[in-house]
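Here is the structure we will look at, set down as structure tokens.
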Number of protein chains: 2
Amino acid sequence: MNNTDSGRKRILDSAAFILRTKGLGAARLSEIAQGAGMLAPSIYHHFKSKDELVEHVMLAGIYNNTRHIVAKVEVLGPETPPAERLRAAIIAHVEFLLSGDDFSSAVARVFDDLPGEMKQRVLAAYATFDNYWRDLLVAASPAGNDGQRTVARKLMIAMLDSCPTWYRAGRLSPTQIANQAADLFLKGFL
Amino acid sequence: MNNTDSGRKRILDSAAFILRTKGLGAARLSEIAQGAGMLAPSIYHHFKSKDELVEHVMLAGIYNNTRHIVAKVEVLGPETPPAERLRAAIIAHVEFLLSGDDFSSAVARVFDDLPGEMKQRVLAAYATFDNYWRDLLVAASPAGNDGQRTVARKLMIAMLDSCPTWYRAGRLSPTQIANQAADLFLKGFL
DNA sequence: GTCTATAATCAGATAGAC
DNA sequence: GTCTATCTGATTATAGAC
């Protein structure tokens, strides 16, 4: 985010950062505006309401994160074993979250707190992300049953999504944490 | 929670349920009061402020949950291997969350969103809980290093704490989910 | 496209009767 | 111990100048 970005982009970036940092309940339009170098009413030139702004952040976070993961997995050769594809996806997800992408971290932080009807709409976009993981788990463990794989997927995503809340730059790198998370889950799941 | 409980207890129970269900940002005193069979201003006879009420719910949740886990672990004989103690703790934690204890679920749901100074105070109580897990992990994996065990603990707690957000009564029982989570983590960690 | 000024709303909190 | 009535403050949102 820099001064030459359009007002709309600066608002979105600032909102993602605030949502990721403070959560939905504590996110103030005035603070989002300040981060974008303007005052609160100016936001309404770009977005119809606070809810609409939040929804845009969620959709962008889900879309970018899914695209990043899929790209990292699909670059692997067609002979790559399913477990390796799953490993690549886990590492891509954690590295994306810890790389400082505020949009994906905002989704991880705020998704559960979204108001009812917005949640339904965001959930529709989230299904692409969720189904991709589902397919990776099915491929990696074809002998398992759906119920257990669903539980494993929920546990895995919660585990990975938590990283931005406790990670602090320093001793361990994002890559190290991503690899540890992948080892932990794959050893446990397979 | 029933009609013969004291007003204070009914308020705490209702607050725990609302916090667990809607999160901190959407928790309204009017709704908490309604769940306790009274109107919002009556809450102030029992609590000084909304924040004080929330803090009591957090402290009760942490205290009860910790006590429950410790009891389930310490009942095991002194010859019990550390890995089995850790397994018992994981199962106890998940079963407690999924048994319908609104206080521990409220902590899992709302902890990250607490306002600054309250978070510090709640964190002091949370340390007892967190340190107990730390010691269980150290005992179960004495060869590991602190950094990796800390990451493993954070990942594990996030994974277990997520259960109330996605669990729905039906196909799988709390005990089945608890056992699957324990298998997943122990196989991955050890 | 951003500002100043202000409206509209809503939730937490207080006063005082019963 | 709970109620009705009210206050206060904060925050989203609008109107209109520049």
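Note on naming: letters A, B, ... go to the chains in the order of the sequence lines (proteins, then strands), and numbering restarts at 1 for each one.
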Could B:R10 and B:D5 be called an ion pair, given the rule that one side-chain N must be under 4.0 Å from one carboxylate O?
no

Measure from the side-chain heavy atoms of B:L29 and tell me the nearest of D:dT11, D:dT14, C:dA13.
C:dA13

Starting at CG of A:L53 and ending at P of D:dA13, how long is that distance when rounded to a whole Å?
10 Å

Which of residues 109-122 of chain A have a heavy atom under 4.0 Å from DNA chain D?
none

Sugar-phosphate, base or nothing in reach of A:A27, heavy atoms under 4.0 Å:
sugar-phosphate

Nearest-Å distance for atom pair NZ/C1', residues B:K50 and C:dC10
12 Å

May I have the distance from A:K48 (atom NZ) to D:dA13 (atom P), rounded to whole angstrom?
10 Å

Counting the benzene-type ring for Trp, do A:H93 and A:F129 have ring centres under 6.0 Å apart?
yes

Thinking salt bridges, do B:K72 and B:E95 make one under a 4.0 Å N-O criterion?
no

Under the side chain to side chain contact (heavy atoms under 4.5 Å, CB included) rule, collect the residues that match up with A:H46, sequence neighbours excluded.
A:R8, A:I11

Is the shortest side-chain N to carboxylate O distance from B:D113 to B:K119 below 4.0 Å?
no

When A:V73 is tested against each of A:E84, A:R85, A:H68 for side chain to side chain contact (heavy atoms under 4.5 Å, CB included), which residue passes?
A:R85

Write out a two-atom table: protein N or O, nucleotide N or O from nucleotides 2-4 of chain D, distance below 3.5 Å.
residue	atom	partner	partner atom	Å
D:dT2	OP2	B:H46	NE2	2.8
D:dC3	OP2	B:L39	N	2.6
D:dC3	OP2	B:S42	OG	2.8

Euclidean distance, atom CD of residue A:E31 to atom P of D:dA10 [Å, nearest integer]:
15 Å

Which of A:S104, A:S99, A:S105 passes side-chain hydrogen bond (donor to acceptor under 3.5 Å, both in side chains) with A:D101? Answer is A:S104

Given the rule that I, L, V, M, F, W and Y join up when any side-chain heavy atoms are under 4.5 Å apart, are A:L184 and A:L97 in one cluster?
no

For the pair made of CD1 in A:I43 and P in D:dT14, what is the distance, rounded to whole Å?
13 Å

Salt-bridge contact A:D146-A:R149 (side-chain N to carboxylate O under 4.0 Å)
yes

Counting just side-chain N and O atoms, does A:R28 come under 4.0 Å of either OP1 or OP2 of D:dA10?
no

Atom OH of A:Y44 and atom C1' of C:dA5: how far apart are they, to the nearest Å?
15 Å

